[in-house]
Amino acid sequence: MVKVRFAPSPTGYLHLGGARTAIFNWLFARHNKGRFILRIEDTDRSRSTEDSIQEILEALVWLGLNWDEGPYRQTERMEIYKKEAQRLLEEKKAYYCYCTPQELEERRKKALEGGRMPQYDGRCRGKTGAREGINPVIRLKVDQEGETVIHDLIKGEVVYPNSQLDDFILVRSDGTPTYNFVVVVDDALMGITHVIRGDDHLNNTPKQIQLYRALGYEPPQFAHVPMILGPDRARLSKRHGATSVLAYREEGYLPEALFNFLVRLGWSHGDQEIFSKEELIRYFSLENVGKSPAVYNPDKLLWLNAHYIKTGETERLAKLLVPFLAREGLIREGAETDMGWLCRVVDTLKERSKTLKEMAQMAAFYFREPREYDPKGDRKFLKPQVLPYLEALVQELEKLDDFSEEEIERTFNRVLERFGIKLKHLAQPCRVALTGKTVSPGIFEIVSVMGKEAAISRLDKAIKHIKAKPEA
Ligand code: GLU
C-alpha cells in the first residue's frame, strides 16, 4: 500500500512551495488509495514554534488536505531516535567522535587551502575511549567506495560518487538528533513507500540511502519536485508577493483556486487548466510532473480564482464574503446579516469579481449610498435634461409593491416609452445616482436588490444634486 508523508519544519508559515509538496503527496495518496501522513519536523527547538505548527495545520485544512495519520511530532519521538542511535553504535555502524568544533574548523580551513573538499576525515572511527570534558557527537560510518544511484521518479537516474560523502553527524553533542537521521528513522518506521519532496533535498538523499542500509531498512522510492520560480526566474520569494498560503485566503482567494493553481505548477495533463478535485485524483501521476522548475504567474491565479467565483455556489460565497464586508467597514463584525439578501448581492457580482476582497469592495454601494459621484459620470450623466426622466422613474417606482427585477424592467420601459428615449438615457444617470459610478451590474438587478427605499432615496438625492447645479 502506498504511504506518503508531508513533513514540514514549523519554522514559519506554510508557503506556496510547501503547499504544493503537500498537494502532490495528498493527490498521490488519494490516487493510489494509499495513506497520507502528517509529520511535524520540530527537532530544531530554537527555530520551531507552536504558532507556526497551528498556522501550517490551518493552511492544510483550508486547502482540504486531510491526513490519515498524525500529526506526529518528532519532539515526541526522541526515545525512538535514541534507541536507533544506540543500536547503530552497538552494531559498530556509528561511532562517537570527540573532535572539537575548533579542531574541525582548523582542518576545514587547511583542506580549503590545499584545494581539497572539506570533509570529516574519520579520525575517530575505530577509536575507543572518551576525551575528558568533551561531549561527543555520533557519526555514521559512511561507505566512501563506489556510488549511490537514486532512481528518482521525477529526475530519473541521479548518480552520486560516494567519495563526496563523509561520516556525517547523526546526534549532536547536546544529544539532539539531526534532520538526516530522524527523517530516515521516521520514514522507515512509519512505512513510507514514496518520499515526494522539494529538490532542495536531493543532495541529502545519498546520505539518507546509506543510513537506511546501516539501519537495515529498505529505502523508499524518491521523487524530487523542481522548485517554483518567480516571473523573473529567480527562486520564488517574498519579493514576488505573498508566499504564505493563508495570505491568499486573506486576499480573497478560494482554496480550490489556489489548489488548482499549485497543482499546475509543475504537473500537467494535456493542456487542461481547470480541474475538479475528483479529476485531479483520477489523473495525478508523478510521470507528469515536469523536470524543470515551474514559473509562478499571479495573473493565472487571478484568472482561476475568477473562474471559481463565477461558478461557485452562491450561498457558500456569501458566507465567505462576510468577513471581507466587515473588513471594508460595510457590516459590523459579528452583527447578523440577512443571508438571503446577501446571496442576491453575490449573484449580481460573482460574474465580475476576481477575488472576494474585490467583491466586497464592489458591493459597497449596496450597503451605503455613494459618498460622491464619479466626477466624469456626474458631468456626463447627471445633467438637467435627465431631471424629468428621473422624476418620472421615482413616481413609477413609488407605486410598486413588487420590487422584482422583472417588475423594475417593466417600470423602466414605461418611462422610456413616455419620453421616447433609449434605455441608456435613463440607465446611466440612474446608475451614477445609485452607485456613484458609471459601471455596475445590470441596472434592473441592482435596483431590485437595493430595494425600494434605498433606490428612491438615492434618486431623490441625485435629483436635488442636479437641481443645485448652476446650469439647472
Ligand atoms: N522537514 C523538511 C522540510 O521542511 C522536509 C524533509 C523531507 O521531506 O524529507 O524541508
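The first residue of the sequence shown is numbered 1, and numbering continues consecutively from there. Start at 1 and go down the list; that is how both ligands and their atoms are numbered.
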- Message: Holding to side chain to side chain donor-acceptor pair (under 3.5 Å), I want the full list of residues that pass it with T243, two or more places apart in sequence or in another chain.
- Response: Y13

- Query: Salt-bridged, D174 to R172, with N to O below 4.0 Å?
  - Reply: no

- Task: Specify whether Y96 and Y98 have parallel, tilted or perpendicular ring planes, treating 30° as the upper limit for parallel and 60° as the lower limit for perpendicular.
- Result: tilted

- Task: Could you list the residues that satisfy ring pair (Phe, Tyr, Trp, His ring centres under 6.0 Å) with F28, not counting sequence neighbours?
- Result: H194

- Query: Does the side chain of N260 pick up a donor-acceptor pair with the side chain of Y308 at under 3.5 Å?
  - Reply: yes

- Sorted by first residue and then second, give each side chain to side chain donor-acceptor pair (under 3.5 Å) pair with at least one member in residues 47-57; sequence neighbours left out. E50-Q54, E50-R73

Check each N or O atom of ligand 1 against all protein N or O atoms and list the pairs under 3.5 Å, with atom names and distances to 0.1 Å, one per line.
| residue | atom | partner | partner atom | Å |
| --- | --- | --- | --- | --- |
| ligand 1 | 1 (N) | A7 | O | 2.8 |
| ligand 1 | 1 (N) | S9 | OG | 2.9 |
| ligand 1 | 1 (N) | E41 | OE1 | 2.6 |
| ligand 1 | 4 (O) | S9 | N | 3.3 |
| ligand 1 | 4 (O) | S9 | OG | 3.2 |
| ligand 1 | 8 (O) | R5 | NH1 | 2.7 |
| ligand 1 | 8 (O) | R5 | NH2 | 3.4 |
| ligand 1 | 9 (O) | R5 | NH2 | 2.8 |
| ligand 1 | 9 (O) | Y179 | OH | 2.8 |
| ligand 1 | 9 (O) | R197 | NH1 | 2.8 |
| ligand 1 | 10 (O) | H201 | NE2 | 2.9 |

